[in-house]
Amino acid sequence: MQQILIQSIRPMTTAHLAQTMTLMSLTVEELQQEIDTVLASNPALELVDERRCPTCHRLLTEKGPCPICSAPQNSGLSMDPVVFISPREDFYTSSENQEDYDREDDYSVNEEDLPSYVLRQIGPDLNPKERIIAAYLLTNLDEDGFITVNSLEVAQYFHVPLSTVEGVRRVIQKADPLGVGSVNPKEALLVQIDILSETQDVPELIRKIIEDEMDLLTHRQYNELAHKFNVSIRRIQNCVKYISENLNPFPARSHWGDIRHPGENSTQVYHQPDIIINYLNDKPENPLVVEIVIPLKGTLRINPLFKTALKEADEDKKEEWQNDLEKASLFIKCLQQRNHTIERLVQKVVVLQRPFITKGEKYLKPVTRVQISRELEVHESTISRAVSNKTVQLPNRRIIPLSSFFDRSLNVRSVLREIIGKEDKPMSDAELVNSLSKEGYNVARRTVAKYRAMEGILPAHLRNFSP
DNA sequence: CTATGGCACGGATT
DNA sequence: AATCCGTGCCATAG
């Protein structure tokens, strides 16, 4: 049961299948939560801080047996980010240089010590007991400022009512990196809106969007949103702009996704990317470095102590523990498979869409998930799940959904924008159709209208010559 | 009469 | 099986 070569994953139980399916479509953040809960509920699983092989002490970054001593390390899953480099066509996974790519960004604010920084602010407002709880909560923040423990457990641990813990948490949220200690971006945003609305008017629509349709927002389904709230896309885009200018879904990060794209009407997005693509050392002449972000540091593995304990366990406990063990190993397997699939997927996509990544939307090749799935020899729905909900950070620091790589019309839309930007007389939709066909894009008049709407470009008679 | 947006249909995609 | 997307037809605004 222990020899997990990636290839041997094929034959799997239905439980395995089901779990892989759910894991596959999760975001890093969601995955992190999932891992946390499993970790807390299943004693067979443990997270080792060490990234080294316990027997030979070699740095261990890849799944599979330890390369040096080939110790039976294979049940452990390294949770370090997967980094690989794309020189041109071929990839290799870099396990050696991996240290070099520790993300140096994002540590801009008073990074010395976020927990004590916050604690200092709120200390006076709390009684001693609450202060202890606060301190505990604050030590369990992740890099984004989100809480990583669940309040109920904390309450039990400290023998206080849940409401006390929640109360403390609420105080924390109002401290300086506004929204720290939230459980997710949504909560952080809501807290920020609460505070903001004390000093200025916040459009009700924004709150509603965040409250009810956070999903659509993070996935930037603006047309969908416009439809749901029965307002224009323009309106929604304004809201989004407001949100990205005034709110920060990741409290502990000072900025997320720079606004260094003045030319294009920047559709600002936030969200912790699942995949980060960058030039090596940020120099455009260098090859691309692709990093698949994986939550948690260290290695997730079956606790060896648990295994030995299992052998000597009482009969009645044995069954239950055995069960835990199987679940844990299943979980790890699924996780491995998830990572494996995503890695292969991203490799393919990066090679294919390199021009898009480096030169811009115009060069996006319209590719469907089906094509990729054929090339990778996996079921199309696997690709679907792997793609959905994930975001990618491009070298220019923009964060876009992974599904953009499969957008059938993005390139046309970008050419359309280009044309409209260049021509100084407002062209009617019909004329635009002509211009587009000259560029080699054949679309119907009606479709041009839709693209315009998607891009938030006004109709011809309302457009142009604003100053 | 022309330019657009709305509704709805069919085929492709997921 | 459900959803998305391009398109054609028609109503309406200018």
Side-chain angles (χ1 to χ4, degrees), chain A residues 17-18 20-27 213 215-237 267 274 338 341-342 344-346 348-349 352-353 356 361 364-392 400-417 419-420 423-437 439-466:
Chain A
L17 196 66
T20 315
M21 276 169 32
T22 42
L23 285 185
M24 190 67 76
S25 49
L26 293 185
T27 317
E213 304 295 346
D215 263 4
L216 291 179
L217 178 65
T218 54
H219 304 141
R220 269 152 291 118
Q221 309 281 357
Y222 299 148
N223 33 5
E224 192 61 26
L225 273 173
H227 189 250
K228 273 246 162 57
F229 290 101
N230 203 17
V231 297
S232 70
I233 293 197
R234 247 291 140 83
R235 184 94 186 277
I236 296 289
Q237 285 177 335
T267 327
D274 298 90
R338 177 193 128 105
T341 316
I342 293 180
R344 293 204 308 151
L345 166 71
V346 172
K348 261 275 178 311
V349 169
L352 204 62
Q353 303 286 20
F356 165 66
E361 296 180 344
L364 178 78
K365 293 187 195 114
V367 189
T368 69
R369 299 161 221 259
V370 190
Q371 291 169 38
I372 299 287
S373 74
R374 292 213 189 99
E375 290 186 48
L376 278 149
E377 298 178 313
V378 295
H379 197 280
E380 28 189 279
S381 66
T382 312
I383 300 291
S384 261
R385 273 185 265 274
V387 166
S388 68
N389 291 340
K390 311 243 171 9
T391 51
V392 186
I400 59 167
L402 182 54
S403 55
S404 303
F405 285 88
F406 300 93
D407 194 314
R408 270 169 293 162
S409 61
L410 192 60
N411 51 354
V412 189
R413 294 210 304 272
S414 116
V415 173
L416 178 69
R417 260 190 318 219
I419 291 176
I420 292 180
E423 306 300 337
D424 27 22
K425 289 174 199 156
M427 299 169 79
S428 75
D429 287 351
E431 292 173 298
L432 288 171
V433 172
N434 272 325
S435 303
L436 277 174
S437 71
E439 302 266 343
Y441 302 95
N442 294 317
V443 281
R445 188 228 99 222
R446 191 61 190 76
T447 310
V448 173
K450 284 237 160 133
Y451 287 169
R452 257 195 10 243
M454 282 170 143
E455 300 294 328
I457 300 172
L458 294 166
H461 51 279
L462 297 175
R463 190 177 340 126
N464 259 342
F465 308 126
S466 28

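These numbers were taken from a predicted model, which means no experiment stands behind them. In what follows, chains carry the letters A, B, and so on, assigned in the order in which the sequence lines appear, proteins first and then strands, with residues in each chain numbered from 1. These values consider heavy atoms only, across backbone and side chains, with no hydrogens, waters or symmetry-generated copies.
One can place CD1 of I457(A) at 12 Å from P of dT4(B), the figure rounded to the nearest angstrom. Between the P atom of dC4(C) and the CZ atom of R446(A) lies a distance of 18 Å, rounded to the nearest Å. When the P atom of dC4(C) is taken as reference, atom CE of M454(A) falls 11 Å away, rounded to whole Å. In this structure, E431(A) atom CD and dA3(B) atom P are separated by 7 Å, rounded to whole Å. With rounding to whole Å, R452(A) atom CZ is found 11 Å from dG6(B) atom P. One interatomic measurement links the two molecules: CG of N442(A) to C1' of dT7(C), which rounds to 14 Å at whole-angstrom precision. Between L410(A) atom CG and dC4(C) atom P the separation is 18 Å, expressed in whole Å. Rounded to whole Å, atom P of dC5(C) lies 14 Å from atom CG of N411(A).
Taking the nucleotide of DNA chain C with the nearest heavy atom to each of D407(A) and R445(A), the more 5' of the two is matched to D407(A). Nucleotides of DNA chain B nearest to D429(A) and K450(A) differ in position, and the one nearer the 5' end is that of D429(A).
Looking at Q353(A), its side chain does come within 3.5 Å of a backbone N or O of F405(A) through a donor-acceptor pair. With hydrogens and angles ignored, the 3.5 Å screen pairs a side-chain donor or acceptor of R338(A) with a backbone N or O of L26(A). In this structure a side-chain-to-backbone donor-acceptor pair under 3.5 Å is present from R344(A) to L376(A). The main-chain N or O of L364(A) is found under 3.5 Å from a side-chain atom of N411(A) such that the two form a donor-acceptor pair.
Y451(A) has a side-chain polar atom (N or O) that falls below the 4.0 Å cut-off from OP1 or OP2 of dG6(C).
Minimum interatomic distance between D274(A) and N389(A) (heavy atoms only, all atoms of both residues): OD1-O, 3.9 Å.
Using a 4.0 Å heavy-atom distance criterion, S409(A) is classed as a sugar-phosphate-only contact. Counting non-hydrogen atoms under 4.0 angstrom, R385(A) reaches nothing in the nucleic acid. S428(A) comes within 4.0 angstrom of sugar-phosphate atoms only, judged by non-hydrogen atoms across all strands, and of no base.
Atom CD1 of residue I372(A) and atom OG1 of residue T382(A) lie 13.0 Å apart, to the nearest 0.5 angstrom.
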Write out a two-atom table: protein N or O, nucleotide N or O from nucleotides 12-14 of chain B, distance below 3.5 Å.
from, atom 1, to, atom 2, distance (Å)
dT14(B), OP1, R369(A), NE, 2.7
dT14(B), O3', S384(A), OG, 2.8

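Counted by atom type alone, S373(A) and R369(A) present zero donor-acceptor pairs between their side chains at under 3.5 Å.
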